[in-house]
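Position 1 is the first residue of the sequence; numbering continues from there. Quick caveat, the model's predicted, so the values are computed rather than measured. Note that these values count all heavy atoms, side chains included, but never hydrogens, waters or copies made by symmetry.
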Amino acid sequence: MTSQEVEVLVVGAGQAGVAMSEHLTERGISHLVLERHRIAERWRTMRWDSLVANGPAWHDRFPGLEFTDLEPGEFPSKEQVADYFVAYAEKIGAPIRCGVDVQSVRRKVGEPGFDVQTSEGGFKARYVVAATGPFQRPVIPGVVPGNADLVQMHSSSYRNPGQLPEGAVLVVGAGSSGVQIAAEIQRSGRQVFLSVGPHDRPPRSYRGRDFCWWLGVLGKWDASTPAQGAEHVTIAVSGADGGHTVDFRALAENGIKLVGRTTAFENGTMRFAEDLSDNIANGDAHYLELLDEADAYIERNGLDLPEEPEARLQRKDPESLTNPILELDLAGAGVASIVWATGFAVDYSWLQVDAFDENGKPRQQRGVSTEPGVYFLGLPWQSRRGSSFIWGVWHDAKYVADQIAIQRSYLAHNEQHALVASGAA
């Protein structure tokens, strides 16, 4: 079977792959996008039923298309987000083949480019863009053995409370996913324990503007690197129920029991770190710091935005904060299941090139790999804080497309020089 030839092969047709296709098309660069499942499949099948985007419709989109069925300040559901990318791909005429699993990419020997093996045969590509994003392999810490008498699932497998057996639930992880899942389970009538680690807690909105707007005008989306020690700190913000600021004290008032980081499990007892108070206090400090910066921005620019003193009011500390639970007999507390909202790891086992460090992390700068001809797209902090957001991926794709165009120009110059030298030109 002969291999199909393509100049740029883009692997993955989620938000990164669709954005990449648009920018390659604008530059007249021939390409093909291969997708294992459907366009934006992870939005449909690796999210819980009630999930909505954490950014409003006016912000979390590509420049070339609005969400036509939503008001600008509304938060699209997971299905609306997936449908948006399908519509966008149709709008730009993206050359996407679905149902094709990329199995391996290897550099060709003695000539430029890569040999690509897929479930639909072979390809030869001059350039490869890994646009599979950061959410590839769910991570469940090896704290509780698999044979424990508990139902354990990752947040990517959670759909709704009806999946879980009767009894209380421990949710581990208090970023956007963990907080929303814990609140939903609690509303279903179950006792919920929420394990809270270090986090950044911005206001959902302040003085009439969404936090996405504030991070933009304050220059925080463009931060090129995270603050020291904050590389893996989660953001606790929610677009659920029309959008609201995450308030752990309010969650506790509604019946959720807060605990610190989950550290160990032995003989049916879960142990938690003595860091709950510090984690909540640091989240509060980040919250208040952003309010201070917003107030200063308003004054500096003479903006007429309504004051919001109630945003600084703080609820009374709950008992779970003043008298923290450090050990929990799960059976005694009626806990029958654990939902691990503990993030994802990348999986580039198919990309068999010299582009990774000893931990399997891509070696790249703004998506340009140390392996010539290989590019990455959709990585957190790829170029800035906003890189893993929908609009951020679009801008990163523009840069990667520019780099591919530059390399094509060098190659074209070399070919033209060879023709001149041979007298064929």
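- Electrostatic pairing of Asp200 and Arg385 counts as a salt bridge here, judged by a charged N lying under 4.0 Å from a carboxylate O.
- Applying the side-chain hydrogen bond (donor to acceptor under 3.5 Å, both in side chains) test between Arg201 and each of Asn279, Thr245, Asp284, Asn282 identifies Asp284 as the sole match.
- Between Cys212 and Gly55 the shortest heavy-atom distance is SG-CA, 4.1 Å.
- Checked by atom type and distance alone, the side chain of Arg190 pairs as donor or acceptor with a backbone atom of Leu164 at under 3.5 Å.
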Worksheet item: Passes side chain to side chain donor-acceptor pair (under 3.5 Å), Tyr88 versus Gln15? Steps please.
Response: CA-CA 10 Å; Tyr88 205 96; Gln15 59 201 43; over 6 Å; no

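- In this structure the side chain of Ile404 reaches within 4.5 angstrom of the side chain of Leu24, judged on heavy atoms.
- Side chain of His23 to backbone of Asp396: no donor-acceptor contact under 3.5 angstrom is found.
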Practice prompt. Take Val368 and Tyr399 through the test side-chain contact (heavy atoms from CB on, under 4.5 Å) and record every step on the way to the result.
Written response: CA-CA 9 Å; Val368 180; Tyr399 179 83; 4.2 Å; yes

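- A pairwise comparison of heavy atoms in Phe265 and Val143 identifies CB-O, 3.6 Å as the closest pair.
- Here OG1 of Thr45 is found 7.5 Å from NZ of Lys78. Values are rounded to the nearest 0.5 Å.
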Item to complete: Could you please spell out the steps behind the side-chain contact (heavy atoms from CB on, under 4.5 Å) verdict for Leu251 and Val192?
Response: CA-CA 10 Å; Leu251 292 175; Val192 174; over 6 Å; no

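- Between the side chain of Gln191 and the backbone N or O of Ala168, no donor-acceptor pair lies under 3.5 Å.
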Worksheet item: What's the verdict on side chain to side chain donor-acceptor pair (under 3.5 Å) for Thr322 and Asp317, showing C-alpha distance, side-chain angles and the deciding distance?
Response: CA-CA 7 Å; Thr322 58; Asp317 285 348; over 6 Å; no

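- Aromatic rings from Trp221 and Phe389 are positioned such that their centres are separated by under 6.0 Å.
- Separating the CD atom in Glu35 from the CD1 atom in Ile96 is a distance of 8.0 Å, to the nearest 0.5 Å.
- The side-chain hydrogen bond (donor to acceptor under 3.5 Å, both in side chains) test with Asp247 is passed by exactly one of Arg204, Gln314, Arg315: Arg315.
- Proximity of a side-chain donor or acceptor of His199 to a complementary backbone N or O of Gly197 within less than 3.5 Å is detected.
- By the 4.5 Å heavy-atom criterion applied to side chains, Arg187 and Pro161 are not counted as neighbours.
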Worksheet item: Could you go step by step and tell me if Arg207 and Asp295 meet the salt bridge (charged side-chain N to carboxylate O under 4.0 Å, His left out) rule?
Response: CA-CA 9 Å; Arg207 298 185 69 170; Asp295 287 341; 2.9 Å; yes

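- Within the 3.5 Å criterion, the main-chain N or O of Ser157 finds a donor-acceptor partner in the side chain of Gln163.
- Of all the heavy atoms in Ala311 and Leu291, the pair that sits closest is O-CD1, 4.0 Å.
- A donor-acceptor pair under 3.5 Å is formed between the side chain of Gln382 and the backbone N or O of Phe376.
- With a 4.5 Å cut-off on side-chain heavy atoms, Leu194 and Phe248 count as touching.
- Put simply, the side chain of Glu253 does not reach to within 4.5 Å of the side chain of Pro318, judged on heavy atoms.
- Atom OG of Ser77 sits about 9.5 Å away from atom CH2 of Trp43, to the nearest 0.5 Å.
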Item to complete: Please report the C-alpha distance between Arg44 and Asp83 in whole Å, then the side-chain angles of each, then the deciding distance to 0.1 Å, and finally whether the salt bridge (charged side-chain N to carboxylate O under 4.0 Å, His left out) criterion is met.
Response: CA-CA 9 Å; Arg44 299 190 192 277; Asp83 289 344; 2.8 Å; yes

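- Ring pair Trp214/Tyr297 is perpendicular by interplanar angle, where above 60° counts as perpendicular and below 30° as parallel.
- No side-chain heavy atom of Val129 sits under 4.5 Å from any side-chain heavy atom of His31.
- Leu328 contributes atom CG, which lies 5.0 Å from atom CZ of Phe193 (distance to the nearest 0.5 angstrom).
- With respect to the salt-bridge test (charged N to carboxylate O, under 4.0 angstrom), the residues Arg271 and Glu266 qualify.
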Discussion item. Please evaluate residues Asp402 and Arg366 with respect to the criterion salt bridge (charged side-chain N to carboxylate O under 4.0 Å, His left out), reporting the C-alpha separation (whole Å), side-chain torsions for both, the decisive distance (0.1 Å), and the verdict.
Written reply: CA-CA 12 Å; Asp402 284 342; Arg366 295 191 67 181; over 6 Å; no

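- Between His154 and Phe344, the ring centre distance stays below 6.0 Å.
- Inter-residue side-chain proximity for Leu215 and Leu290 is flagged as met; some heavy-atom pair is nearer than 4.5 Å.
- Across all non-hydrogen atoms, the minimal contact from Ala355 to Glu371 is CB-CB, 3.9 Å.
- Classification of the Tyr375-Tyr127 ring pair by plane angle, with boundaries at 30° and 60°, yields tilted.
- Arg126 places no side-chain N or O within 3.5 Å of a backbone atom of Arg408 that could act as its donor or acceptor partner.
- Side chain of Tyr348 to main chain of Thr132: no donor-acceptor pair is present (N/O by atom type, distance under 3.5 Å, no hydrogens or angles).
- Within the 3.5 Å criterion, the main-chain N or O of Ser156 finds a donor-acceptor partner in the side chain of Arg159.
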Practice prompt. Tell me, with the steps shown, if Gln186 and Asn254 meet side chain to side chain donor-acceptor pair (under 3.5 Å).
Written response: CA-CA 8 Å; Gln186 187 273 333; Asn254 289 332; 5.4 Å; no

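- Shortest non-hydrogen contact noted between Ala13 and Val33 is CB-CG1, 3.9 Å.
- Of the charged side-chain nitrogens involved, none lies within less than 4.0 Å of a carboxylate oxygen, so that Asp357 and Arg363 do not count as a salt-bridged pair.
- Leu150 and Ser337 make their closest contact through CD2-N, 4.2 Å (heavy atoms, listed as atom of the first residue, atom of the second, distance).
- One distance of note links CZ of Arg312 with CG of Asp292; it measures 4.5 Å at 0.5 Å rounding.
- Not one N or O on the side chain of Asn359 forms a donor-acceptor pair closer than 3.5 Å with the backbone of Lys361.
- Rounded to the nearest 0.5 angstrom, Glu26 CD and Lys398 NZ are separated by 8.5 Å.
- The list of side chain to side chain donor-acceptor pair (under 3.5 Å) pairs with a residue in residues 52-64, not counting sequence neighbours, reads Asn54-Ser176, Asn54-Gln180, His59-Trp391.
- The side-chain heavy atoms of Ser205 and Trp213, taken from C-beta on, include no pair separated by under 4.5 Å.
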Discussion item. Evaluate Leu34 against Leu9 for side-chain contact (heavy atoms from CB on, under 4.5 Å), listing each step before the verdict.
Written reply: CA-CA 8 Å; Leu34 298 183; Leu9 185 69; 3.7 Å; yes

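- By the side chain to side chain donor-acceptor pair (under 3.5 Å) test, Arg300 is found to be paired with no residue, residues two or more places apart in sequence or in another chain being considered.
- Using a 30° and 60° split on the angle between ring planes, Tyr158 and Trp48 fall in the tilted class, from 30° to 60°.
- For the pair Pro72 and Pro56, the minimum side-chain heavy-atom distance is 4.5 Å or more.
- A donor atom on one side chain and an acceptor atom on the other are not found under 3.5 Å apart for Ser155 and Ser177.
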